[in-house]
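Below is one structure; the comments refer to it alone.
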Protein chains: 2
Amino acid sequence: MREGPDIARIASLVGDPARANMLNALMGGTALTASELALEAGVSLPTASSHLSKLMEGGLLTLASQGRHRYYGLASAQVAGMIEAIIGVAEAVGPKRVRPGPRDAAMRVARVCYDHLAGEQAVAMLDRLFDRKLLLREDNQIRLSSAGVSHFSALGIETHVKARRPVCRACLDWSVRRSHLAGTLGAAILDKIIAERWARREKDSRAVVFSPTGRQAFERVFLS
Amino acid sequence: MREGPDIARIASLVGDPARANMLNALMGGTALTASELALEAGVSLPTASSHLSKLMEGGLLTLASQGRHRYYGLASAQVAGMIEAIIGVAEAVGPKRVRPGPRDAAMRVARVCYDHLAGEQAVAMLDRLFDRKLLLREDNQIRLSSAGVSHFSALGIETHVKARRPVCRACLDWSVRRSHLAGTLGAAILDKIIAERWARREKDSRAVVFSPTGRQAFERVFLS
DNA sequence: GGAATGCTTCGATGAGGATCGAACCATGCG
DNA sequence: CGCATGGTTCGATCCTCATCGAAGCATTCC
């Protein structure tokens with residue numbers, strides 16, 4: 001019976017609609033203030049504050065104080081991955097959504113997942129990186145090949161960073177139901193896509209929209 | 001507030017301790033009956049039934065009716081993956097390693113699981129029965145060999161009983177995370193252990209405590 | 001056909017927790 | 001300093017939902 005990690009505690013934190021909305025809003029990767037999150041969740045400020053302290057105590061959020069502003073963000077990419085997994089199940093079992101609007105379609109193609117790219121484009125990219133032997137599957141992990149190191153280095157992405165966070169990690173995609181690339185490399189690639197202005201983020205959405213020329217550039221570099 | 005898939009609904013399903021325990025018990029892939037899940041979750045049968053219907057309605061479980069038995073199992077590998085992700089976060093976030101008390105330790109060694117033996121002893125026993133070719137793995141099922149039939153018959157355990165319930169079944173052990181033996185044979189072995197007074201059940205607990213001589217006898221018969 | 005077993009439904013009870021207004025801190029501005 | 005703004009804490013209210021006993025179905029055994 002009572003054994004192992006307290007999974008019910010974590011799940012019940014996500015299980016409240018107000019908190020779920022907050023976490024969903026934070027999946028965009030940018031930290032938000034309590035007021036913004038209250039608005040996002042549709043609750044009053046005191047209520048939001050109460051929820052935020054619970055999420056903090058549960059270890060799902062981090063807090064950065066800047067002056068009189070307090071920015072809340074997801075605690076880790078692992079937490080983001082868990083939320084993606086829950087979203088995936090919710091999508092799968094809730095086929096009641098008859099009309100996948102244009103915004104949903106855009107989300108399906110490419111979107112931000114915490115700090116890296118997700119969606120069809122991201123899944124295709126990971127496939128190609130495997131095909132080109134720039135990344136290698138090892139057990140259930142992903143490893144950079146030496147060819148991959150020099151390849152990304154040529155793109156201005158340094159992969160030798162010493163960090164506790166893994167360089168490569170697989171993250172399950174809820175729309176495609178296959179893995180895309182997370183980890184510091186996944187984050188760096190998203191950074192490059194935005195920095196090169198290949199794509200821009202939709203306002204108030206996790207969707208990522210490529211420009212025509214940007215898409216060509218992205219395909220040339222990562223999908224060729 | 002944006003409208004996405006109902007993630008709170010899914011998460012809240014997992015967020016109840018009783019339901020979380022049930023799902024955890026089902027993580028091994030073997031389907032279990034409502035009674036077994038009630039025991040596993042530590043709730044009454046009506047309560048368990050209520051939870052199970054909610055999990056069914058939420059699309060997290062599948063149901064296979066066999067006669068008057070109804071076996072519940074996880075709906076998909078995607079659901080299992082989601083639970084794994086939640087477990088991962090819970091482990092990362094809950095570094096409060098609770099010292100397992102003496103009763104928990106006893107539970108870990110040997111306990112009753114519905115009507116058969118579970119725990120380290122039970123897992124070791126199943127391993128040895130495979131080693132000695134008394135039981136055979138077939139796909140995901142377990143089958144008695146002819147040597148096994150005569151072996152158990154010599155012990156006074158008749159394995160030719162005509163019953164709808166399978167003679168051998170694998171049951172996932174939460175403490176060892178590996179399978180032990182359920183089914184009528186598993187039940188008969190537990191009966192023998194109790195009848196021979198090799199061990200007795202703790203009061204108000206699922207723990208099974210062997211006597212010194214009883215342990216020797218058990219090891220000679222099942223672990224040699 | 002009973003009788004037994006496995007499971008679900010019903011009804012009543014109770015506890016946890018989500019919510020908001022108001023009051024209370026803290027920081028920044030003039 | 002006073003005042004405004006961003007956030008948290010407190011208290012009271014309300015409501016959902018988990019829980020179990022008892023009764024009701026369904027299936028199988030004898």
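Numbered from 1 within each chain, the chains take letters A, B, ... in sequence-line order.
- Using a 4.0 Å heavy-atom cutoff across all strands shown, A/Thr33 reaches sugar-phosphate atoms only and no base atom.
- With sequence neighbours excluded, the residues that form a side-chain contact (heavy atoms from CB on, under 4.5 Å) with A/Ser76 are A/Gln78, A/Val79.
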Which atom pairs link the protein and nucleotides 15-23 of chain D when you take only N or O atoms and keep those under 3.5 Å?
residue	atom	partner	partner atom	Å
D/dA18	OP1	B/Arg19	NH2	3.0
D/dA18	OP2	B/Lys54	NZ	2.6
D/dT19	OP2	B/His51	NE2	2.4
D/dC20	OP2	B/Ser44	N	3.1
D/dC20	OP2	B/Ser44	OG	3.2
D/dC20	OP2	B/Thr47	OG1	2.9

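- Under the salt bridge (Lys or Arg N to Asp or Glu O under 4.0 Å) criterion, the residue pairs touching residues 188-200 of chain A are A/Lys192-A/Glu196, A/Arg200-A/Glu202, with sequence neighbours excluded.
- Phosphate proximity of D/dA26 to B/Arg70: absent, as no side-chain N or O sits under 4.0 Å from OP1 or OP2.
- Axis deviation across the helix from C/dG1-D/dC30 to C/dG30-D/dC1 amounts to 20°, comparing end segments of five pairs, rounded to 10 degrees.
- Note: CG (A/Leu52) to P (D/dT8) measures 7 Å, nearest angstrom.
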Using residues 11-20 of chain A as the side-chain source, report each donor-acceptor pair under 3.5 Å to any protein atom, sequence neighbours left out, with the distance given to one decimal.
residue	atom	partner	partner atom	Å
A/Ser12	OG	A/Ala8	O	3.1
A/Ser12	OG	A/Arg9	O	3.0
A/Asp16	OD2	A/Ala18	N	3.0
A/Asp16	OD2	A/Arg19	N	3.3
A/Arg19	NE	A/Leu13	O	2.6
A/Arg19	NH1	A/His51	ND1	3.1
A/Arg19	NH2	A/Ser12	O	3.2

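- Distance, B/Leu32 CG to C/dC7 P: 11 Å, rounded to whole Å.
- Taking atom CG of A/Leu61 as the reference point, atom P of D/dT8 lies 12 Å away to the nearest angstrom.
- Applying the side-chain contact (heavy atoms from CB on, under 4.5 Å) test to B/Ala217 and every residue at least two apart in sequence or in another chain returns B/Trp198, B/Arg220.
- For the pair A/Met56 CE and D/dT8 C1', the interatomic distance rounds to 14 Å; values are reported in whole Å.
- Closest of all the heavy-atom pairs between A/Val112 and A/Val208 is CG2-CG2, 3.5 Å.
- Panel note: side chain A/Ser211, backbone A/Ala199; no donor-acceptor pair is recorded below 3.5 Å.
- Residue A/Glu57 contributes atom CD, which lies 11 Å from atom P of D/dT9 at whole-angstrom precision.
- Considering only side-chain N and O atoms, A/Ser35 lies under 4.0 angstrom from the phosphate OP1 or OP2 of D/dG7.
- The side-chain contact (heavy atoms from CB on, under 4.5 Å) search around B/Leu223 returns B/Gln121, B/Ala124, B/Met125, B/Arg128, B/Phe218, B/Glu219, not counting sequence neighbours.
- A search for side chain to side chain donor-acceptor pair (under 3.5 Å) contacts involving B/Thr47 returns B/Ser44, not counting sequence neighbours.
- In this entry the distance linking OH of A/Tyr72 with C1' of D/dT8 reads 8 Å, nearest Å.
- Between A/Tyr71 and D/dG6 there is no side-chain N or O to OP1 or OP2 distance below 4.0 Å.
- Protein atom CG of A/Leu63 is 17 Å distant from nucleotide atom P of D/dG6, rounded to whole Å.
- In this view, B/Glu57 satisfies the side chain to side chain donor-acceptor pair (under 3.5 Å) rule with no residue, not counting sequence neighbours.
- Between the P atom of C/dC7 and the CG atom of B/Leu55 lies a distance of 16 Å, rounded to the nearest Å.
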